[in-house]
Amino acid sequence: MDAMEQIYLEHAKTVYGFLLSRTHDPDLAEELTQETFFQAVRGIDKFQGNSSISTWLCAIAKNLWREHLRKQAKENTILNAEDVPPPIMEDGSTPKWDDLEVLKAVHRLNDPMREVMYLRLSSNLTFGQIGEILGKSENWARVTYYRGKEKIVEEVNHE
């Protein structure tokens, strides 16, 4: 097995989860995941080793997602927030993650809190990985997640 195939096997799920947390569309997330690895193969010589491979791949994925959004904006077809599918995983420490009210509450959070919540709950990334992806510390990711969780629990319990 060659090195890129091994990298794909080890990191494809993480990249897909990262993209799914942004796109809310499994098909688009899959398409962008494939494009991410294609770009990684083309640009492997640009990887400097200053970060982990998964962080580098997620940075490529983030740029591809932004490029996709720019193209969509030109076509005036922005994704509708009501079309967000349920996340693919649950976190036992929050209210039922597949509950529509919880999903609506998460979606109403402001970035970067919303992004941290999606990365943690749908991609099951560690706080260290989330901090690395977003250019922040592990502690920042942890605090942001718990503050977001408190807001969601409070909002869901009041409805």
List the residues meeting side chain to side chain contact (heavy atoms under 4.5 Å, CB included) with N139, not counting sequence neighbours, and say none if there are none.
S137, V143
Rounded to the nearest 0.5 Å, how far apart are CG of L69 and CD of E67?
10.5 Å
For D111, salt bridge (Lys or Arg N to Asp or Glu O under 4.0 Å) partners two or more places apart
R114
Flag side-chain contact, heavy atom, 4.5 Å: L134 against L119
yes
List the atom of T14, the atom of C58, and the distance in Å for their closest heavy-atom pair.
CG2-SG, 4.4 Å
What pair of heavy atoms forms the shortest contact from A141 to G131, and how long is it?
CB-N, 3.9 Å
Would you mind listing every salt bridge (Lys or Arg N to Asp or Glu O under 4.0 Å) that reaches into residues 134-143, with sequence neighbours excluded?
E138-R142
So if I apply the side-chain contact (heavy atoms from CB on, under 4.5 Å) rule between Y118 and each of R22, H24, M113, which one comes out positive?
H24
Just list the side-chain donor-acceptor pairs under 3.5 Å for residues 26-38, sequence neighbours left out, or say none.
| from | atom 1 | to | atom 2 | distance (Å) |
| --- | --- | --- | --- | --- |
| E30 | OE2 | Q34 | NE2 | 2.8 |
| T33 | OG1 | A29 | O | 2.6 |
| Q34 | NE2 | Y8 | OH | 3.1 |
| E35 | OE2 | Q39 | NE2 | 2.6 |
| T36 | OG1 | L32 | O | 2.7 |

Evaluate the side-chain proximity of I152 to L109: yes if any heavy-atom separation is below 4.5 Å, no if none is.
yes
Salt bridge (Lys or Arg N to Asp or Glu O under 4.0 Å) involving E10 - partner list, sequence neighbours excluded:
none
Going by side-chain hydrogen bond (donor to acceptor under 3.5 Å, both in side chains), name the residues that satisfy it together with S52, two or more places apart in sequence or in a different chain.
S54, T55, E132
